[in-house]
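Remarks on the structure that follows.
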There are 2 protein chains.
Amino acid sequence: MRLVVARCQVDYAGRLTAHLPMATRVLMIKADGSVLVHSDGGSYKPLNWMSPPCTFAEEVDDEGVASWTVTSKTGDTLRILIEEIQHDSSHDLGIDPGLQKDGVEKHLQELLAEHPATLADGLRLVRREYPTPIGPVDLLCRDADGNRVAVEIKRRGEIDGVEQLTRYLELLNRDPLLAPVRGIFAAQLIKPQARTLAEDRGITCAVVDYDALRGLDDPTDRLF
Amino acid sequence: MRLVVARCQVDYAGRLTAHLPMATRVLMIKADGSVLVHSDGGSYKPLNWMSPPCTFAEEVDDEGVASWTVTSKTGDTLRILIEEIQHDSSHDLGIDPGLQKDGVEKHLQELLAEHPATLADGLRLVRREYPTPIGPVDLLCRDADGNRVAVEIKRRGEIDGVEQLTRYLELLNRDPLLAPVRGIFAAQLIKPQARTLAEDRGITCAVVDYDALRGLDDPTDRLF
DNA sequence: TACTCGATTTCGGGG
DNA sequence: CCCCGAAGTCGAGTA
């Protein structure tokens, strides 16, 4: 990892073209040759960058002006003109053990598969990831009356998820062995537009409390 | 902008929880207090981070071990335990003039508005961003027979775009002054699933060549 | 301020 | 290796 602070100008040509006028920025060159151009603001996304795999080349002209050319296999190029270097250092970081996450959609699906009754009284799981020709339904259940219920789970319930569940329901209801199948749209947060569309289509909305679900979960599981 | 290279351990708690075991990493602290944790690989996304607005606090315990706590207003916290610092420097970058882009969806829409006939013979533009209650249609046109055509434009044509166009068409066709309205789904690349869904719904797919369109464009526009 | 939508989205998993 | 869906998505434009 090489860290450079310098006045520079950046030009990118690839899926689009982009230009950064001359200014002072932080340049990060990773071990794999990838480059990140950061300013002192914004979020985690760099102003410009080149993703690996790519090759990094440095050249200096007659007047001592350095320029870097970073090229990917797909023909994308990132060209950086260096006007003045304020800092330049290299560091050996080794390989990173990587990030461990908890609380993503998969966990939500696991918890709801264990506790389907929190979505509707008497709901029982038939199958997780129930396959259809257009992709798997998150949960297929039966309600207290024995009728099938398809559950679509999202962390954030938006219009796309309702459309997705609608497609599943249309397909499932074509199967006389399954029909009638109704739908439950379950999410930690459901946007108003999504709720309106869902209810307009006879789909029930269920707001899910992740922490409460975790509390329901067998406590011996997390004594690790 | 402060740049630190250190052995550290990172814990995040917010919308999810995440943990990074002790290892050597680059820590970037921006002027607004936001923090990025980078390893020597991956792409531009940090392993972990805190977005602004947030507050950065540094403390050192009795044994000289430093720990940082970064807190956002929404209650998210990023905690970094520093074991050993290899590098620590600060730099004044000033404000960045910002990025100039060309070749995004907006430009594609502008070009197609100028050359609608590349989508279908005899197609003429009625209006760009034609308003409907659920949002504007990218292009409303008339075909050679005088019938209306709604055009949805994407850089990458995926299933969402087809759903979006379907909703527009349903609405537009309710208006007896406009109906019948057919649809064209235009994109630089159309995914197979999206094409299947579109054709199933009687929507025409059109693959668009951005560079060729630019070539059609008035050359006097780009003489600089 | 809140919501919607595009993005060089990136990233990870499954076929 | 491609396809697809999730993301602590971020950020810009608009109502």
Side-chain angles (χ1 to χ4, degrees), chain A residues 10-18 34-37 41-52 54 70 72 74-78 98-99 101-109 129 131 134-136 138 152-156 158-161 164 187-189 191-194, chain B residues 10-18 34-37 41-52 54 70 72 74-78 98-99 101-109 129 131 133-136 138 152-156 158-161 163-164 187-196 210:
Chain A
V10 184
D11 286 278
Y12 168 76
R15 290 181 241 191
L16 54 62
T17 58
S34 61
V35 176
L36 282 63
V37 181
S43 73
Y44 68 67
K45 196 176 178 178
L47 292 167
N48 215 325
W49 70 92
M50 180 65 74
S51 305
C54 60
V70 196
S72 80
T74 56
D76 295 18
T77 57
L78 185 73
L99 187 66
K101 284 186 188 181
D102 174 46
V104 291
E105 185 183 296
K106 196 179 68 165
H107 302 128
L108 197 57
Q109 192 192 112
E129 301 283 356
I134 53 168
D138 287 339
E152 177 63 36
I153 301 166
K154 295 281 179 212
R155 264 181 1 100
R156 296 164 60 158
E158 298 178 26
I159 228 162
D160 291 2
Q164 198 179 337
Q188 287 178 269
L189 171 84
K191 297 283 183 81
Q193 274 209 355
Chain B
V10 184
D11 285 279
Y12 168 77
R15 290 181 237 193
L16 55 63
T17 57
S34 61
V35 176
L36 282 61
V37 181
S43 76
Y44 71 64
K45 196 174 179 180
L47 292 167
N48 217 327
W49 70 93
M50 180 65 75
S51 306
C54 60
V70 196
S72 82
T74 56
D76 295 17
T77 57
L78 185 72
L99 188 66
K101 285 185 189 182
D102 174 45
V104 291
E105 186 183 294
K106 196 179 67 164
H107 302 125
L108 197 56
Q109 192 192 112
E129 302 282 355
I134 53 167
D138 287 339
E152 176 64 36
I153 301 167
K154 295 282 178 211
R155 259 176 13 92
R156 295 164 64 156
E158 299 180 26
I159 228 162
D160 290 2
E163 296 286 14
Q164 200 179 335
Q188 285 178 269
L189 170 84
I190 295 180
K191 296 286 183 81
Q193 275 207 355
R195 178 179 292 274
T196 304
Y210 182 76

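All chains are named by letter (A, B, ...) in the order of the sequence lines, taking the proteins before the strands, and each is independently numbered beginning at 1.
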Considering just the side-chain nitrogens and oxygens of [X], establish if one lies under 4.0 Å of OP1 or OP2 belonging to [N].
X	N	result
B:Ser51	D:dC10	yes
A:Lys191	C:dC3	no
A:Gln193	C:dT4	yes
A:Lys106	D:dA6	no
B:Trp49	D:dT9	no

Can you spot which of A:Thr17, A:Thr77, A:Asn48, A:Asp76 makes a side-chain hydrogen bond (donor to acceptor under 3.5 Å, both in side chains) with A:Tyr12?
->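 Between A:Tyr12 and the candidates, side-chain hydrogen bond (donor to acceptor under 3.5 Å, both in side chains) is satisfied uniquely by A:Asp76.
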Given C:dT8, C:dG6, D:dA7, which nucleotide is nearest the side-chain atoms of B:Glu105?
->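 Nucleotide nearest to B:Glu105's side chain: C:dG6.
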Closest to the A:Arg15 side chain, choosing from D:dT9, C:dT8, C:dA7 =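 Of D:dT9, C:dT8, C:dA7, C:dT8 is nearest to the side chain of A:Arg15.
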Give the minimum heavy-atom separation between B:Ser43 and A:Ser51, together with the two atoms involved.
->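 Smallest heavy-atom distance, with atoms named: CB-OG, 4.4 Å.
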What distance, rounded to whole Å, do you find between the two P atoms, one in D:dG11 and one in C:dC11?
->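 It works out to 16 Å between them.
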Distances under 3.5 Å between nitrogen or oxygen atoms of protein and nucleotides 11-15 of chain D:
| unit_1 | atom_1 | unit_2 | atom_2 | d |
| --- | --- | --- | --- | --- |
| D:dG11 | OP1 | A:Ser43 | N | 2.9 |
| D:dG11 | OP1 | A:Ser43 | OG | 2.7 |

5′-ward residue of the pair B:Arg156/B:Glu152 relative to DNA chain C |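 Nearest-nucleotide comparison on DNA chain C picks B:Glu152.
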Given that A:Asn48 and A:Ile159 both sit by DNA chain C, which one's nearest nucleotide is further toward the 5' end?
->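 It is A:Ile159 whose nearest nucleotide is closer to the 5' end.
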Carboxylate-amine/guanidinium contact A:Glu158 A:Lys191, below 4.0 Å |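 So A:Glu158 pairs with A:Lys191 through a salt bridge.
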Would you say the side chain of B:Leu78 lies within less than 4.5 Å of the side chain of B:Val35, judging by non-hydrogen atoms?
->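 Yes - at least one pair of side-chain heavy atoms lies under 4.5 Å apart.
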Tell me, do A:Arg156 and B:Arg15 make a side-chain contact under 4.5 Å, heavy atoms counted?
->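 Yes, their side chains come closer than 4.5 Å.
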Taking atom CD of A:Gln188 and atom CD1 of A:Ile153, what is their separation to the nearest 0.5 Å?
->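 Interatomic distance, A:Gln188 CD to A:Ile153 CD1, rounded to 0.5 Å: 10.5 Å.
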